[in-house]
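Notes follow once the structure below has been shown.
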Amino acid sequence: MENSFLIHNISKLLLSSDSPVPFKKGRDQSFISELNNSWLLVENGIIKDFGTEETAPKYHGPVLDAEEGIVMPAFIDAHTHLVFADTREDEFIDRIRGLSYQEISARGGGILNSVKKIKNISEEELFERSWDRMMFAVSRGTGAFEMKSGYGLSSESELKILRVIKRLREESGLDIKSTFLGAHSFPLEFKENHQGYIQQIIHEMLPVIAEENLADYCDIFCEKGFYSPEETEQIIDASLQYKLKIRLHTNQFTHSGGIPLAIKYGAISVDHLEELNDDEISALTNSSVIPISLPTAAFYMNCPYTPARKMIESGLGLVIASDYNPGTSPNPDLNFAISLACIKMRMLPEEALNAVTINAAYALELNDVLGSIERGKKANLIVSRPGTNLNLIPYAMSYDWIQHVILGAISDEEY
Ligand code: NIG
Ligand code: FE
């Protein structure tokens with residue numbers, strides 16, 4: 001592996017900047033800088049310099065010919081449940097036959113089905129399976145991740161998932177943020193005793209997670225049939241005492257009350273937002289909470305999409321993420337999410353690219369090191385095949401447009 005090299009013969013360098021790129025919102029969400037006929041120098045995995053061809057340095061180290069492909073920052077997936085034991089295609093068929101997500105969940109399927117599967121898998125096997133899924137996402141251009149627990153719903157299993165996330169980070173060297181989602185559902189035995197489980201989260205899980213530094217954030221599924229606003233607030237309160245910042249699954253199926261709580265407690269993000277009214281949009285516009293839309297989940301659930309146009313036109317900035325999970329989004333490929341964002345949510349390709357790069361970096365508090373092409377940031381890059389332009393990516397949905405994914409280093413066979 002070489003981690004110092006020059007890339008030349010770049011037709012367009014996208015999202016490069018001489019100064020820190022801000023979170024893109026409102027009209028700015030459609031702005032992507034373009035540097036034509038350019039080069040980029042990487043030193044020790046860090047972007048050292050870039051410019052147009054006539055200023056190219058004489059370089060004696062390894063040189064990668066981009067063959068007139070475009071170069072952009074690698075994608076950042078700001079919402080995944082990638083660490084799960086197994087797929088759930090039986091429920092996919094149940095939904096085709098007419099059952100709703102909530103009906104499947106109420107009879108012990110859904111999240112609880114994944115909980116059963118996690119109990120019966122070793123930490124080693126869970127790691128191996130998760131590693132393969134992560135590497136598939138990497139091959140499709142994703143270079144950094146957020147990963148949630150939430151298929152454990154007991155101290156033992158939640159910690160198992162969080163330890164796997166930690167090991168994925170350590171062994172890959174990738175930027176991976178970890179989120180504790182113990183409040184994803186209620187275990188069957190606590191169906192009628194919500195407080196019993198919430199007390200476990202607060203008094204058994206959170207202290208160990210904080211002590212072992214196993215999570216950066218705490219997430220709660222604030223939704224009808226899952227966690228009520230009062231229950232959500234109780235867990236937010238406890239998490240903040242352990243210095244875990246908040247992200248919320250909210251407004252997936254109903255106006256579930258998560259948005260006022262997220263704003264009140266300074267949450268980092270509110271995620272899903274398929275059901276979002278004008279009051280909620282204007283409340284978000286006046287806050288610093290970042291909206292994360294998960295179009296792949298809306299696609300699989302056959303439900304409305306986040307009203308992206310209305311949000312952007314109200315001045316908001318959006319993040320798009322995969323929500324990769326075995327129930328509502330069995331697809332880690334952000335290219336698919338980008339296509340859906342454009343086709344179903346009427347986002348422009350530029351808006352979608354900002355949503356999975358610089359805006360996603362802000363949503364994971366990684367904006368100092370990732371998300372744009374700036375001197376001093378990590379060289380996490382995608383080099384396209386020749387003839388690719390940004391509009392082609394969402395349009396030719398399954399076209400294999402990626403020539404190289406470079407995450408700090410290139411391997412010998414790439415130049
Ligand atoms: O983000 N909505 C809650 N959690 C996941 C789905 C989890 C599952 O069905 O396994 C989501 O869509
Ligand atoms: Fe999710």
Side-chain angles (χ1 to χ4, degrees), residues 77-95 99-119 130 133 137 145-153 157-158 161 165 177-187 217-228 231-232 235 246-254 256 258 262 267-275 290-306 319-332 334 337 340 360 363-364:
D77 197 339
H79 181 137
T80 82
H81 310 245
L82 180 148
V83 182
F84 58 85
D86 217 340
T87 51
R88 303 202 319 249
E89 55 274 35
D90 292 354
E91 293 172 14
F92 172 68
I93 305 303
D94 288 340
R95 284 202 307 276
L99 283 183
S100 71
Y101 181 76
Q102 290 92 331
E103 283 165 339
I104 293 170
S105 167
R107 62 177 203 187
I111 294 167
L112 294 181
N113 189 354
S114 286
V115 170
K116 256 183 257 148
K117 292 177 198 272
I118 282 273
K119 233 183 230 151
S130 305
R133 292 181 199 125
F145 298 83
E146 183 263 9
M147 297 181 190
K148 301 175 196 295
S149 68
Y151 290 130
L153 309 188
S157 296
E158 284 294 311
I161 301 170
I165 296 173
K177 292 286 177 111
S178 173
T179 301
F180 170 55
L181 176 58
H184 198 188
S185 187
F186 288 95
Y217 306 105
C218 178
D219 191 346
I220 299 140
F221 188 15
C222 179
E223 185 57 68
K224 193 160 173 254
F226 293 86
Y227 285 76
S228 69
E231 292 165 343
T232 302
I235 298 165
I246 306 301
R247 330 185 69 94
L248 287 186
H249 276 75
T250 189
N251 293 50
Q252 183 175 11
F253 303 116
T254 63
S256 55
I268 297 287
S269 69
V270 280
D271 304 40
H272 270 292
L273 314 178
E274 286 87 342
E275 293 294 335
I290 297 178
I292 302 188
S293 172
L294 311 166
T296 321
F299 172 79
Y300 277 102
M301 291 294 102
N302 232 339
C303 68
Y305 288 79
T306 306
V319 173
I320 300 291
S322 75
D323 197 19
Y324 183 28
N325 77 76
T328 65
S329 182
N331 188 340
L334 277 173
L340 289 174
L364 295 188

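Counting convention: from 1, in listed order, for ligands and their atoms alike.
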Q) Under 3.5 Å, is there a donor-acceptor pair linking the side chains of H184 and H249? A) no
Q | Shortest non-hydrogen contact from G327 toward R95 | A | O-NH2, 3.4 Å
**Q.** Ring centroid separation F145 to Y324 under 6.0 Å
**A.** no
Q | Where P304 and E274 come nearest, the two heavy atoms and their spacing | A | O-CG, 3.1 Å
Q: Could you please provide the protein residues found below 4.0 Å of ligand 1 on a heavy-atom basis, arranged by chain and number?
A: H79, H81, R88, Y101, I111, Y151, H184, F221, H249, Q252, H272, D323, N325, G327, T328
Q | Derivation of the side-chain contact (heavy atoms from CB on, under 4.5 Å) call for T80 and R133 | A | CA-CA 11 Å; T80 82; R133 292 181 199 125; over 6 Å; no
Q) For Y300 and S329, which heavy atoms make the closest approach, and how far apart are they? A) CD1-CA, 4.0 Å
Q) Is it the case that more than 12 heavy atoms not belonging to F92 sit under 6.0 Å from its CZ atom? A) no
(Q) Quiz question: by atom type and distance under 3.5 Å, do the side chains of D323 and T296 form a donor-acceptor pair? (A) no
Q.
Would you say NZ of K117 has more than 12 non-hydrogen atoms from neighbouring residues, nucleotides or ligands within 6.0 angstrom?
A. yes
Q | Residue and atom names of protein N/O/S atoms that fall under 2.8 Å from the Fe ion (ligand 2) | A | H79 NE2, H81 NE2, H249 NE2, D323 OD1
